[in-house]
Amino acid sequence: MSRLLTRRRLVTAGLATAAGASGLGAAIHFAGRYGLIPPDRAGVIGVGETLTYSAQRLLTSGQSLAREFKKSDISKVAPVNGLPPDDETYRRWLTNGFDGWRLTVDGLVARPLSFSLDELKHLPAESHITLHACEEGWSYIAEWTGVRLSSVLDMVQPRPEARYLVFVPFANVNQNTGILRVLWDSIDMADALHPQTLLAHGMNGEELLPGHGAPVRLRVARQLGYKNTKYLSRIIVTDSMDNFGKRMGSRAAEGGNAWYGGI
């Protein structure tokens, strides 16, 4: 551990020195040398996103925990942001308790698998009471129950070159434009393997409700709420964002938000 911390400090010091002494270009080059360039790296804003992401990864341990709360801290109201998917298949599964729904996990893995809701519920479960933090005022504290994402990854065995997980939800209709959209997102392997990152199927001791992402949603406690993808249908393990959307790592990033929403 001391060797790892020493290496972190050296790399962080180098990044800070590059940014201060030689300019942002040198700092970005230094971050790239250690694989710390986020997908939304392009443009002027991308420079700031790169520095934020690389500094966060270097200054905090991969296992540092988000704050956990007591049951008495659970919010009396958990605001719902957005409507459930308009996808016809989703609506059908919603009416029959998601009988027939399966979550596919594939991509750069040795053993692609798919899970029914019952199969996920029979995997070892745990609960975490954490803050769902939202920049737009939808924040609340809730207890999330599910299987560790890392446990599912152990089952599918990602290949050594895997760097990201892409989360694909059911499609929804934009209420302003009427256009069908898929609000996909992604996280890196550090957050995917984090002990508080769950595939959540329960909330506050009950089944996950449609408004909060039923049947299963991502719960990544160390990032902002918009990174916690709801209504999951597929998880793709990949080494690059080149084949996804505009190669920025998420629909949110394509719309102007940061790909990395660390808190």
Legend entry - Salt-bridge present (K227, D185; N to O < 4.0 Å): yes
Inset, instruction - Evaluate the side-chain proximity of I187 to F167: yes if any heavy-atom separation is below 4.5 Å, no if none is. - result: yes
Inset, instruction - For the residue pair Q196 and T130, establish whether any side-chain heavy-atom pair is separated by less than 4.5 Å. - result: yes
Between [X] and [Y], does any side-chain donor sit less than 3.5 Å from a side-chain acceptor?
X	Y	result
Q223	D191	yes
T197	R222	no
S127	T145	yes
Y260	D188	no

Inset, instruction - Output every pair passing side-chain hydrogen bond (donor to acceptor under 3.5 Å, both in side chains) with a member in residues 88-101, not counting sequence neighbours, ordered by first then second residue. - result: D86-R91
For [X], side chain to side chain donor-acceptor pair (under 3.5 Å) partners two or more places apart:
X	answer
N204	none
D242	S240
W259	S186

Legend entry - Parallel, tilted or perpendicular, as decided by the 30° and 60° cut-offs, for the rings of H212 and Y140: perpendicular
With a 3.5 Å cut-off and sequence neighbours excluded, list the donor-acceptor pairs that the side chains of residues 150-159 form with protein atoms.
from: R159; atom 1: NE; to: E161; atom 2: OE2; distance (Å): 3.0
from: R159; atom 1: NH2; to: E161; atom 2: OE2; distance (Å): 2.6

Legend entry - Residues Y164, M241; criterion side chain to side chain contact (heavy atoms under 4.5 Å, CB included); working and verdict: CA-CA 8 Å; Y164 306 105; M241 289 291 109; 3.6 Å; yes
Inset, instruction - Kindly give the cluster partners of Y226, where membership spreads through any ILVMFWY side chain lying under 4.5 Å from a current member. - result: L224, I263
Inset, instruction - Show which residues join L131 in its hydrophobic cluster (side-chain heavy-atom contacts under 4.5 Å, direct or indirect), or state none. - result: F69, I74, I129, I141
Legend entry - For I236, all residues meeting side chain to side chain contact (heavy atoms under 4.5 Å, CB included), sequence neighbours excluded: D106, V166, V168, R234, F244
Inset, instruction - Return the set of residues passing side chain to side chain contact (heavy atoms under 4.5 Å, CB included) with K70 (not counting sequence neighbours), or none when no residue passes. - result: S72, D73
Inset, instruction - Would you please name every residue forming a ring-ring contact (aromatic ring centres under 6.0 Å, His included) with H128, sequence neighbours left out? - result: none
Inset, instruction - Sorted by first residue and then second, give each salt bridge (Lys or Arg N to Asp or Glu O under 4.0 Å) pair with at least one member in residues 193-206; sequence neighbours left out. - result: none
Inset, instruction - Write out all pairs satisfying salt bridge (Lys or Arg N to Asp or Glu O under 4.0 Å) with one or both partners inside residues 116-127, taking only residues at least two apart or from two chains. - result: R102-E119, K121-E207, E126-R148
